[in-house]
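Data first, discussion second: the structure below is written as structure tokens.
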There are 2 protein chains.
Amino acid sequence: MHPLDRLFKPKSIAVVGASTDEYKAGYQMMYALRAFPGELYPINPKSDDILGFKAFSSLEAIGKPVDLVILTIPAAGCADVMQQAGEAGAGAALIIGGGFAETGASGRAVQQDLLTICRKYGMRMLGPNTAGFANPCVGVTANFNPWIGGVPAGSIGLVSQSGAMSLVLSALIHTQNLGISLATGVGNSADVGVADVVEYLADDTGTKVIVLYLEGVIDGRRLYDAVRNAVKKKPVLFLTVGQANIAEFAVSHTGNLIGSYQIKTAALKQAGAIMANSSDDLIDAADLFSRTRLEPKENPGVGLLTGQAGPGMVIADYLRSKGILIPELKPTTIEKIRQALPPLTYIKNPVDTGRPGPSFPSVLKAMAADSSIDILITFLLDEPAVVEPITLFRELRDIRLPMIFGTSGFPENIQPVQKALSVMDIASFASPDRAAKAVCAFVDDAKAAYRFVRYEEAVPSLPNIERLEQTPDEAEAKDILGRIGIPTPRRVVCRTHEEAKRAFSSLPQPCVLKILDPAVTHKTEAGGVILHIKTEEQLANALERIDRIKVQGNRRYLVEEMAPDGLELIIGATNDRSFGPVVLVGLGGITAEAIKDTTMRLAPLGLNEAMDMIAELRGKSLFEGWRGSPALDRESVARAIVALGLFMVSHPEIKEVDLNPVRVCEKGLLALDALFAL
Amino acid sequence: MHPLDRLFKPKSIAVVGASTDEYKAGYQMMYALRAFPGELYPINPKSDDILGFKAFSSLEAIGKPVDLVILTIPAAGCADVMQQAGEAGAGAALIIGGGFAETGASGRAVQQDLLTICRKYGMRMLGPNTAGFANPCVGVTANFNPWIGGVPAGSIGLVSQSGAMSLVLSALIHTQNLGISLATGVGNSADVGVADVVEYLADDTGTKVIVLYLEGVIDGRRLYDAVRNAVKKKPVLFLTVGQANIAEFAVSHTGNLIGSYQIKTAALKQAGAIMANSSDDLIDAADLFSRTRLEPKENPGVGLLTGQAGPGMVIADYLRSKGILIPELKPTTIEKIRQALPPLTYIKNPVDTGRPGPSFPSVLKAMAADSSIDILITFLLDEPAVVEPITLFRELRDIRLPMIFGTSGFPENIQPVQKALSVMDIASFASPDRAAKAVCAFVDDAKAAYRFVRYEEAVPSLPNIERLEQTPDEAEAKDILGRIGIPTPRRVVCRTHEEAKRAFSSLPQPCVLKILDPAVTHKTEAGGVILHIKTEEQLANALERIDRIKVQGNRRYLVEEMAPDGLELIIGATNDRSFGPVVLVGLGGITAEAIKDTTMRLAPLGLNEAMDMIAELRGKSLFEGWRGSPALDRESVARAIVALGLFMVSHPEIKEVDLNPVRVCEKGLLALDALFAL
């Protein structure tokens with residue numbers, strides 16, 4: 001038995017605060033649970049009977065431990081009841097009401113007390129501040145919005161930081177004739193959080209796809225691990241907010257900071273989860289995944305057969321714009337199709353039948369037999385006199401590829417067809433666009449799974465570097481980079497003009513003179529970096545200019561060799577409060593910085609994954625020999641990212657590393673500046 | 001009477017090729033038209049009666065002119081019938097079948113013959129190669145897919161380059177409980193094209209919103225003008241394809257080249273049309289616009305009231321990420337709301353009621369009375385026991401602001417509510433995301449209309465410059481730029497080293513030496529540009545290096561002053577085969593070019609519109625004083641764009657102008673290179 005089974009698959013439930021007053025949550029909860037097939041105990045000292053269930057004066061009065069205690073009482077009374085629940089041997093508690101961490105410091109303290117009680121008695125707790133959950137597979141509707149109990153049992157496991165969004169998504173699931181294995185809010189996530197439920201659903205054999213709605217993620221690293229493990233077994237889809245500034249509203253909701261949207265989405269994608277852009281897209285993708293999943297593949301091929309050109313074009317355009325492959329069919333396949341269709345139709349893939357007719361199934365069979373095709377989409381306007389979809393797919397039942405159906409017509413005509421297809425396990429969508437979006441998520445999942453195979457590589461080890469006790473200056477930071485294998489320019493630290501002069505003559509020229517002072521973080525803006533020094537006279541002038549910058553303590557200089565020409569990048573790392581060590585790469589130079597062309601990954605990561613980070617940059621063509629210049633050494637960049645990631649993992653005392661710029665050349669790179677923050 | 005009324009509002013129709021064979025288009029068409037309230041004449045010499053209508057042997061046999069002749073016969077017979085239709089005084093023709101321009105040159109010739117006949121007799125022609133149209137307002141279903149006749153009469157005017165997409169969109173309109181004033185495909189657009197129908201619908205009093213589906217646009221400039229005029233009267237929405245490479249498929253569909261996606265979308269947005277990203281989004285926006293439209297406003301304020309935080313967050317995050325303003329409510333409004341709601345809810349806007357209750361209408365009224373709010377969105381989970389939406393909106397009927405309702409629940413419960421709200425002219429959407437997307441389009445329309453007011457400005461005039469007979473070299477091109485007011489560096493054209501030396505000493509130093517030869521278009525890559533020349537010796541070396549480049553004809557040099565530091569841009573123009581003169585601005589330098597950060601507009605355009613082009617660049621912050629550098633002279637860039645646009649309009653012989661780079665400084669700019677192509 002899984003530890004969360006007493007919460008999500010209880011055999012006995014007590015409702016503390018159960019009420020006969022229709023306007024109270026304690027009534028709503030009892031009403032929602034009225035069909036619960038296990039034992040249901042309303043707790044209310046003032047009533048004998050609530051909705052036909054015998055009421056008890058206290059948890060103790062039941063006389064035996066229950067699996068789940070639901071609290072529908074004000075915040076102030078919760079700690080007492082939790083104590084009683086623990087003493088009575090309850091397995092889990094669900095706290096619906098608000099008034100805890102989302103309200104500020106005192107609420108946070110009360111919430112912490114509840115958690116302490118849970119830990120003491122080995123109870124699990126869902127909430128507080130959540131709508132609850134529903135598990136139709138075992139007949140539990142523990143939700144203050146009873147209609148969620150009408151969603152049939154199915155294979156979609158849904159976990160949401162917002163109770164209302166669990167209802168929004170459940171309603172869409174129901175609208176699509178699908179069902180849930182579990183739908184739960186987690187509210188303030190005091191104990192059971194999204195990661196716990198993801199782990200639970202990953203192990204749940206009835207769940208075929210996991211669907212997440214996230215706001216601010218508290219323990220991002222744990223969620224990342226949970227998702228990464230889950231996607232080995234089943235697809236994980238997510239929808240999240242935070243691309244715009246809604247921070248204040250979000251804190252008022254669940255008490256969690258919204259965090260960095262870029263880190264959150266990068267981490268979940270890195271873990272293999274597929275991001276949806278809307279609730280509707282999320283559930284359409286879940287529809288498809290609840291039936292089938294593609295094998296891991298680098299670039300699966302989509303075969304598209306359309307009865308009408310326009311909708312086919314909409315689908316093909318969307319898929320190609322998202323990097324989905326619609327490969328040209330093999331000549332033998334094209335020849336088979338040519339014989340089945342009238343002349344002048346487009347048959348290379350997409351295949352446009354012109355006016356669809358009796359040859360439709362044979363064309364689909366020919367496409368399915370083509371080895372370049374891994375998934376088939378069919379679009380047909382509702383014209384049952386021409387092609388009847390149910391008959392069509394019955395005829396195609398020997399095809400082993402995933403098949404998706406798109407159609408358009410009046411709901412009263414197409415919905416019965418869609419229901420019938422759903423029973424045949426064919427996902428169907430009532431517009432070409434919806435079919436295309438679902439297929440895109442479907443293929444992206446197979447691509448992500450394929451990448452994981454490539455990512456299972458030996459991560460290099462780093463020399464052991466002692467914990468940093470104080471912020472290193474640029475020269476010290478560069479020494480550290482050198483030890484972890486990130487090249488830096490040759491340099492000499494100098495305290496006097498004389499030392500600088502000696503350093504200048506010892507280095508290849510031209511040289512760079514920099515101020516060396518950890519307090520001056522924007523050296524260039526302060527006039528503390530002088531490039532292209534070719535003569536001693538120029539050096540003397542440069543030293544004089546630098547001496548005009550005010551410093552505290554002893555003045556020091558850094559004399560460095562000039563780096564060769566190349567492309568400027570930013571490589572950085574941060575220690576995110578939720579997700580831990582994160583590495584970043586982006587194009588450098590002021591233009592690129594203004595455009596913010598960057599990609600991120602959680603560290604540690606291997607070389608292949610770091611190479612993929614570079615491939616995701618909008619300006620990636622700059623690495624590939626731009627306008628006749630030589631191709632640049634991407635692998636040196638990837639190696640630097642990997643090394644910096646490993647370094648961050650073993651140095652939690654570092655808050656941020658900023659290598660800006662890093663110059664990458666035809667062969668190798670040099671980190672020209674290095675800024676560490678503890 | 002509008003010239004297209006005999007096509008789209010016919011009082012009499014003849015169907016040539018009418019048939020009793022259910023598998024023929026001539027049957028489908030008769031079946032679709034069986035309820036036509038006017039006169040319907042099947043033309044078939046072998047039948048007396050088709051579907052209960054007396055058949056005629058020929059158009060002539062009818063004995064009087066009909067408004068609309070529909071041809072459901074093969075391509076080969078169409079010219080003869082068109083000739084007869086013209087002689088019989090028909091007003092318009094609709095040709096369903098394919099086999100014309102979409103099949104290649106010979107088909108194109110046949111199509112041209114049909115057009116010649118139309119022009120001769122003053123007939124209009126829809127098609128060929130189209131599904132036809134439906135106009136339920138006058139009871140015409142002239143479409144080979146008869147179910148489109150089931151879409152009720154309404155206020156959405158729909159025109160599609162694909163017949164099937166007109167059906168896809170009509171089905172979605174019906175699904176939303178909406179209706180159409182016209183839904184038509186245009187097929188090959190031999191005569192009546194999208195622009196004609198847009199003009200027609202703009203004048204049609206029954207049409208409140210125009211919806212377009214576009215593939216390759218033939219006469220883009222006319223469409224631009226038609227849309228720009230239409231949006232003065234009613235909103236125009238569009239969906240298009242072509243962001244990915246689907247060119248070959250598109251040509252096979254309607255015979256039209258797909259053209260530049262960037263130019264097409266930029267032109268339609270410039271004309272004030274609102275782009276949708278999917279069929280579903282398109283019809284959701286049309287739903288809202290079919291009821292109401294915002295007054296032009298620079299930045300309308302959205303008030304968002306939600307019964308549940310999560311969905312409110314989804315809506316707020318989407319809107320803010322699209323630049324939609326959700327302003328903080330005024331203190332007096334907040335105070336009113338505070339009194340109406342329990343403590344601890346978020347009430348600045350979005351307003352989150354916590355658990356919604358009886359105060360819901362008063363909160364909405366308070367928000368509506370706030371002068372910063374122009375449009376109200378309300379989201380409520382389906383909980384009629386808590387707030388009943390129909391009662392709610394009845395209570396709010398005095399609110400004059402546009403109101404949008406979002407909800408989630410089981411379709412069997414919420415759809416009856418949505419239907420009732422639709423009758424009350426409240427648009428409602430069954431997910432928070434759909435409500436948010438529709439509102440975004442709604443606000444964007446008001447913003448576009450506001451921009452038009454700003455764009456009504458005097459466009460400066462240019463000096464008259466004679467038609468160019470041959471491609472100018474760089475120096476000649478720069479002379480032309482100088483005459484139209486785009487500054488260039490001081491320069492001297494030289495034929496000998498001696499001349500170059502004289503030029504060098506006459507210009508401020510350092511100088512630039514360039515090869516001057518129209519055949520060398522990539523001068524830098526060829527080694528034909530040498531910067532930073534400070535001494536005569538450096539000049540001599542530079543001349544020698546340039547002399548190594550092979551040229552045909554006489555060798556010439558350009559000696560120029562060096563430009564001051566600044567930001568590099570690209571300013572360009574092209575003469576698009578469909579849309580005519582187009583101007584472009586983008587960030588320059590290799591990084592920016594690789595990232596392709598550019599915006600486009602059709603020319604001519606005024607200064608305010610050119611300023612908006614700059615504001616749309618991703619890297620626009622570079623103009624605003626990046627990292628302590630001074631703000632750059634955006635207006636000089638806008639002036640250059642305006643001048644180049646006017647020049648392109650008066651010089652149709654020019655195919656392309658490429659000013660790359662243009663260097664913009666704190667004050668003014670300099671075009672450092674100029675390439676003209678005729």
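Both the backbone and the side chain of B:Pro311 have a heavy atom closer than 4.5 Å to some heavy atom of chain A. Neither the backbone nor the side chain of A:Val386 comes within contact range of chain B, judged by heavy atoms closer than 4.5 Å. Heavy atoms closer than 4.5 Å to chain A are found nowhere in B:Ala131, neither backbone nor side chain. For A:Lys348, the part sitting under 4.5 Å from any heavy atom of chain B is the side chain, from C-beta outward, and nothing else. For chain A, the nearby part of B:Ser621 is the side chain; its heavy atoms alone come within less than 4.5 Å. For A:Leu587, the part lying under 4.5 angstrom from a heavy atom of chain B is the side chain only. If you measure heavy-atom distances from B:Lys437 to chain A, the contacts under 4.5 Å come from the side chain alone. Interface remark: A:Glu22 contributes no atoms to any contact with chain B (heavy atom separation under 4.5 Å). Contacts between A:Phe379 and chain B at a heavy-atom distance below 4.5 Å involve the side chain alone, from C-beta outward. Heavy atoms closer than 4.5 Å to chain A are found in the side chain of B:Glu412, but not in its backbone. Interface remark: A:Gln243 contributes backbone and side-chain atoms alike to the contact with chain B (heavy atom separation under 4.5 Å). Heavy-atom distances place the side chain of B:Leu381, and not its backbone, under 4.5 Å from chain A.
Between chain B and the residues A:Gly98, A:Gly357, A:Gly150, the largest count of heavy-atom pairs under 4.5 Å involves A:Gly150. Your options are B:Lys620, B:Glu383, B:Glu525, and the one with the most heavy-atom pairs under 4.5 Å with chain A is B:Glu383. The greatest number of non-hydrogen atom pairs below 4.5 Å with chain B, out of A:His522, A:Gln308, A:Arg618, A:Lys596, is found for A:Arg618. Ranked by non-hydrogen atom pairs under 4.5 Å with chain A, the options B:Ser431, B:Ala385, B:Ser279 are led by B:Ser279. Counting heavy-atom pairs closer than 4.5 Å to chain B, the top-ranked of the candidates A:Leu239, A:Asp317, A:Asp433 is A:Asp317.
Between A:Leu167 and the choices A:Val151, A:Leu172, A:Asn143, the side-chain contact (heavy atoms from CB on, under 4.5 Å) rule is met once, by A:Asn143.
Rounding to the nearest 0.5 Å gives a distance of 12.0 Å between CZ of B:Phe429 and CG of B:Asp280. Once rounded to the nearest 0.5 Å, the distance linking CE of A:Met165 with OG of A:Ser170 reads 10.0 Å. One distance of note links CG of B:Leu632 with CD of B:Glu624; it measures 10.0 Å at 0.5 Å rounding.
Using a cutoff of 4.0 Å between basic side-chain nitrogens and carboxylate oxygens, B:Asp284 and B:Arg434 are scored as salt-bridged.
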Item to check | side-chain hydrogen bond (donor to acceptor under 3.5 Å, both in side chains) between B:Asp352 and B:Thr306, intermediate numbers included | outcome: CA-CA 5 Å; B:Asp352 170 19; B:Thr306 183; 5.5 Å; no
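With contacts defined as side-chain heavy-atom distances shorter than 4.5 Å, the pair B:Ser162/A:Met313 does not qualify. Side-chain atoms of B:Leu567 and B:Phe623, non-hydrogen and from C-beta on, do get closer than 4.5 Å to each other. Between A:Val168 and B:Pro432 the shortest side-chain heavy-atom distance falls below 4.5 Å. With contacts defined as side-chain heavy-atom distances shorter than 4.5 Å, the pair B:Phe410/B:Asp382 does not qualify.
No donor-acceptor pair closer than 3.5 Å links the side chain of B:Asn129 to the backbone N or O of B:Asn188.
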